[in-house]
Amino acid sequence: MNYGVPLELLESLKDSSHKFFNLSPEEKSLFSSEVMSASTKVMYGTSFVPEKEKTLEWRDFLSLGYTTDEDALRYWPNQCMKETLEYLKLSSKVVRDIVEVLIENLGVKLEKSRIEILCCMKQIQLNYYPQCPNPDLTVGVGRHSDIGAITVLLQDNIGGLYAKYDNEHNNDEEWLEIPPIPGALVIFIGDTIEILSNGKYKSSEHRVKTRSTKSRVSVALFNFPKPTEKIGPLEELVKKDGVARYKQVVFQDYMNNFFANTHHGKESSLDFAKST
Ligand SMILES: O=C(O)CCC(=O)C(=O)O
Ligand SMILES: [Fe+2]
């Protein structure tokens with residue numbers, strides 16, 4: 001838990017998320033993509049791809065793509081701008097360190113600058129799951145994996161986050177709850193690392209169930225590669241494995257495919273990069 005982000009900041013981040021989502025619908029709608037120009041990278045919305053989904057997720061979100069401090073000060077909502085920006089800054093080192101260790105453990109040495117390129121695009125997402133009268137009939141977030149290098153996730157104490165567990169001994173699907181632990185952050189491996197590692201690391205498939213007791217907030221920090229960066233299995237691993245399980249894809253194309261489609265598990269996004 002000693003990752004350089006003060007506990008008080010995590011607490012105020014959760015409080016400020018509630019402050020934002022407690023605004024009136026009119027105030028929140030000022031941050032919707034129809035009102036904000038697409039270039040600001042700020043978006044308040046609901047569900048994942050509402051135009052395409054048959055049933056919407058039981059969730060609102062505020063997505064804040066980081067470009068510069070000036071843009072953040074100008075476009076991010078006052079209710080949470082200071083806390084999210086500080087959180088983003090303070091967690092960047094631990095993100096780099098984790099990616100570095102993951103790559104090192106594959107027996108591959110990558111320049112620090114390349115590690116930085118793999119996780120330098122930062123996006124904060126505040127998620128809000130209203131209290132739900134009938135959790136069995138709804139989905140908070142459907143099963144998916146995150147597409148960047150790694151995700152750092154702060155959840156409150158309500159619970160409902162599950163990760164898929166692959167049991168090698170039987171083919172049954174098992175989902176384990178990731179219980180809230182005060183002061184702890186959850187780290188998810190994303191598709192970028194799965195692709196780079198030629199499938200040695202698996203991106204974690206996860207989902208959120210709604211709760212009837214209370215509303216829930218979570219704050220995800222996504223760390224993506226530069227959009228123009230080509231990602232593919234590391235050369236040394238392809239040599240060692242004798243096969244490239246994924247092809248080289250420009251990250252922007254991977255991202256466009258992800259955001260253009262509805263999801264039914266991680267394969268629906270990873271298939272885009274699978275070697276044929
Ligand atoms: O709310 C959560 O705990 C997870 C949210 C999530 O998976 C996401 O925003 O990608
Ligand atoms: Fe996620």
Side-chain angles (χ1 to χ4, degrees), residues 10 13-18 20-21 31 41-50 53 56-66 80 84 87-88 91 95 98 119 121-132 135 138-165 175-194 201-211 213-224 254-255 257-270:
L10 299 183
L13 199 51
K14 286 182 268 182
D15 291 346
S16 59
S17 305
H18 276 291
F20 174 77
F21 290 109
F31 298 93
K41 295 188 165 193
V42 172
M43 185 162 104
Y44 168 64
T46 191
S47 204
F48 183 72
V49 204
E53 286 160 4
L56 297 184
E57 292 172 334
W58 195 267
R59 163 178 79 133
D60 284 356
F61 66 85
L62 174 71
S63 160
L64 304 167
Y66 178 79
C80 56
T84 41
Y87 175 62
L88 184 145
S91 48
V95 167
I98 293 171
C119 54
M121 300 295 296
K122 311 274 172 194
Q123 185 188 324
I124 294 241
Q125 182 156 305
L126 312 182
N127 293 305
Y128 177 73
Y129 306 87
Q131 181 183 7
C132 176
T138 52
V139 167
V141 174
R143 52 194 290 180
H144 69 283
S145 51
D146 299 340
I147 59 174
I150 62 164
T151 302
V152 182
L153 182 88
L154 170 69
Q155 60 169 338
D156 64 13
N157 61 357
I158 303 298
L161 173 64
Y162 290 77
K164 195 172 151 220
Y165 169 70
W175 290 85
L176 298 180
E177 181 160 16
I178 305 178
I181 300 175
L185 295 171
V186 179
I187 306 291
F188 284 128
I189 289 190
D191 294 349
T192 297
I193 293 286
E194 173 155 347
Y201 292 121
K202 306 287 179 212
S203 57
S204 23
E205 193 166 334
H206 51 282
R207 65 178 190 196
V208 176
K209 284 191 186 176
T210 55
R211 289 283 201 251
T213 44
K214 257 183 153 180
S215 61
R216 172 177 184 268
V217 288
S218 70
V219 183
L221 170 63
F222 301 119
N223 302 273
F224 303 120
Y254 192 79
M255 196 154 46
N257 176 65
F258 180 81
F259 287 109
N261 294 301
T262 55
H263 294 125
H264 316 282
K266 62 182 265 188
E267 301 310 330
S268 50
S269 54
L270 266 172

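Each ligand, and each atom within it, is numbered from 1 in the order the structure gives.
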Task: salt_bridge(K164, E267) N-O dist < 4.0 Å - done: no
Task: Lys/Arg N to Asp/Glu carboxylate O, E205 vs K266, below 4.0 Å - done: no
Open item on the list: Which residue in the set Y128, Y44, F61 passes ring pair (Phe, Tyr, Trp, His ring centres under 6.0 Å) when paired with F20?
Closed with: Y44
Open item on the list: Quick check on side-chain contact (heavy atoms from CB on, under 4.5 Å): which of D146, I189, V95, L185 does T151 satisfy it with?
Closed with: D146
- [ ] With V141 as reference, evaluate V208, T210, N127, L161 under the side-chain contact (heavy atoms from CB on, under 4.5 Å) test and give the passing residue.
- [x] V208
Open item on the list: Can you check the angle at the Fe ion (ligand 2) formed by OD1 of D146 and NE2 of H206? Round it to the nearest 10°.
Closed with: 100°
Task: From Q123 atom CD to L88 atom CG, the distance as rounded to the nearest 0.5 Å - done: 10.5 Å
Just the distances, no angles: every ligand 1 N or O to protein N or O pair closer than 3.5 Å, one line each.
unit_1	atom_1	unit_2	atom_2	d
ligand 1	1 (O)	Y129	OH	2.6
ligand 1	1 (O)	R216	NH1	3.0
ligand 1	1 (O)	S218	OG	2.6
ligand 1	3 (O)	R216	NH1	3.3
ligand 1	3 (O)	R216	NH2	2.8
ligand 1	7 (O)	H144	NE2	3.2
ligand 1	7 (O)	H206	NE2	3.0
ligand 1	9 (O)	N127	ND2	3.1
ligand 1	10 (O)	H144	NE2	3.2
ligand 1	10 (O)	D146	OD1	3.3

